[in-house]
Participant: 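Can you read through this structure? Questions will come right after.
Predicted model only: the values in this text are computed from it and were never measured.
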Amino acid sequence: MKKTFNTLNIVTTAMLCALGVIAASTLHHLAGQETASLFSAMHLPVFLAGILCGPWLGLICGVLSPLVSFMSGGRPPFPNGLIPMMAELTVYGFLSGMLRRVFLKNPKTNKFSSVLALIISMVAGRVLSAFISAIFLAVNNQTSYFVNLGVSMLGKFTSTWAGIIVQLVLIPAILFALQRSGVLLKYLPDSLAVPKVIKQSKTEEQYGQSGQDQPTE
């Protein structure tokens with residue numbers, strides 16, 4: 001927890017939150033509501049907050065981004081738009097940060113920890129949002145909840161397909177650029193620590209099996 005709630009991570013989370021609100025508002029004014037929903041500009045900063053700054057700051061970013069957007073510009077509308085979106089982005093921010101740490105500990109998923117966390121979080125957040133949206137649709141339209149759930153579930157993926165593609169391309173590219181520049185280690189110092197531990201444990205196992213002493217540096 002001490003590594004997560006430091007000045008760098010808190011400032012980065014605040015900046016990403018502001019970036020998401022500004023990007024979504026700008027896209028809405030320039031291209032309209034349909035295009036803004038299609039590209040889901042607010043989602044990408046929340047994913048980055050979770051992966052870079054940890055699950056709890058990612059969760060905070062996911063809660064605050066749509067809330068600040070609603071308070072400043074009235075979008076998404078309350079309650080049928082705001083509540084599902086807050087739930088969706090909260091899952092994005094929290095799960096992306098938590099799952100990255102889980103996958104990072106496994107040598108089989110270590111290299112793809114951030115991408116796997118991104119994909120699973122993306123699906124989980126949309127599923128939860130669909131369940132909540134279906135409730136509002138059923139109440140407002142007085143129709144079957146399960147029918148609305150199917151419509152909402154399908155819409156969460158088909159109406160935001162462009163945003164999904166952008167996120168799957170840009171987020172790994174951003175992480176790669178940060179890694180090449182050395183900035184990523186300031187956020188994710190455990191990215192290199194885990195492979196080193198795994199390598200060391202394998203070396204100890206090999207020498208233990210052969211009965212030889214390990215070389216000293």
Side-chain angles (χ1 to χ4, degrees), residues 13-14 16-29 31-51 53-100 102 116-168 171:
T13 301
L16 288 171
C17 181
L19 176 63
V21 174
I22 294 172
S25 178
T26 302
L27 190 60
H28 176 86
H29 286 295
Q33 178 62 38
E34 185 175 348
T35 303
S37 299
L38 180 65
F39 285 94
S40 308
M42 197 179 294
H43 295 190
L44 190 147
V46 174
F47 280 122
L48 285 176
I51 293 173
C53 304
W56 295 110
L57 286 176
L59 182 149
I60 292 172
C61 186
V63 171
L64 291 181
S65 295
L67 184 60
V68 171
S69 178
F70 169 74
M71 294 177 65
S72 60
R75 291 180 302 272
F78 179 84
N80 58 316
L82 178 61
I83 294 179
M85 190 170 185
M86 286 181 66
E88 181 178 357
L89 267 63
T90 298
V91 171
Y92 288 168
F94 182 78
L95 272 189
S96 60
M98 185 188 70
L99 291 177
R100 187 201 68 85
V102 173
L116 291 173
L118 172 63
I119 294 173
I120 295 175
S121 303
M122 191 178 292
V123 174
R126 281 174 165 80
V127 169
L128 176 60
S129 179
F131 274 99
I132 298 175
S133 295
I135 296 175
F136 288 106
L137 288 173
V139 172
N140 295 334
N141 300 332
Q142 296 182 350
T143 53
S144 170
Y145 171 78
F146 295 101
V147 172
N148 288 304
L149 178 60
V151 173
S152 181
M153 191 78 71
L154 181 64
K156 292 297 178 181
F157 291 92
T158 58
S159 64
T160 60
W161 63 267
I164 294 174
I165 295 174
V166 169
Q167 291 153 26
L168 289 175
I171 293 177

Participant: Which heavy atom of P76 sits nearest a heavy atom of F70, and at what distance?
Facilitator: O-CD1, 3.2 Å

Participant: Are L128 and E88 packed together at the side-chain level, in the sense that at least one heavy-atom pair is separated by less than 4.5 angstrom?
Facilitator: no

Participant: Is there a donor-acceptor pair closer than 3.5 Å between any side-chain N or O of S69 and the backbone N or O of R75?
Facilitator: yes

Participant: Just to verify, what does S144 make a side chain to side chain contact (heavy atoms under 4.5 Å, CB included) with, not counting sequence neighbours?
Facilitator: F146, V147

Participant: Take L116 and L99 through the test side chain to side chain contact (heavy atoms under 4.5 Å, CB included) and record every step on the way to the result.
Facilitator: CA-CA 8 Å; L116 291 173; L99 291 177; over 6 Å; no

Participant: Find the distance between CD1 (I132) and CG (L137) and round it off to the nearest 0.5 Å.
Facilitator: 12.0 Å

Participant: Taking all atoms of both residues into account, what is the closest heavy-atom pair of S152 and S133, and its distance?
Facilitator: OG-CB, 3.4 Å

Participant: Mind listing the closest non-hydrogen atom pair of L118 and Q167 along with its distance?
Facilitator: CD2-O, 3.8 Å

Participant: Exactly one of V46, V21, L82 should register a side chain to side chain contact (heavy atoms under 4.5 Å, CB included) with P66. Which one does?
Facilitator: L82

Participant: Between CG of L67 and CG of L89, what distance do you get to the nearest 0.5 Å?
Facilitator: 11.5 Å

Participant: Hey, is the main chain of G125 close enough, under 3.5 Å, to the side chain of S129 for a donor-acceptor pair?
Facilitator: no

Participant: CE/M42 to CD1/I22 distance, rounded to the nearest 0.5 angstrom?
Facilitator: 10.5 Å

Participant: Would you indicate whether F136, at its atom CZ, is surrounded by more than 12 heavy atoms from other residues, nucleotides or ligands within a distance under 6.0 Å?
Facilitator: yes

Participant: Quick check for you: to the nearest 0.5 Å, what is the distance between I135 atom CD1 and N148 atom CG?
Facilitator: 10.5 Å

Participant: For residues 80-99, which residue pairs qualify under ring pair (Phe, Tyr, Trp, His ring centres under 6.0 Å), counting only residues two or more places apart or in two chains?
Facilitator: H43-Y92, F47-Y92, W56-F94

Participant: Main chain of A117, side chain of S121: is a donor-acceptor contact present, judged purely on distance under 3.5 Å?
Facilitator: yes

Participant: Is there a donor-acceptor pair under 3.5 Å between the side chain of S40 and the backbone N or O of S37?
Facilitator: yes

Participant: Hey, could you give me the CZ/CG distance between R100 and L95, rounded to the nearest 0.5 Å?
Facilitator: 13.5 Å

Participant: Once you round to the nearest 0.5 Å, how far does CE of M122 lie from CD1 of I171?
Facilitator: 6.0 Å

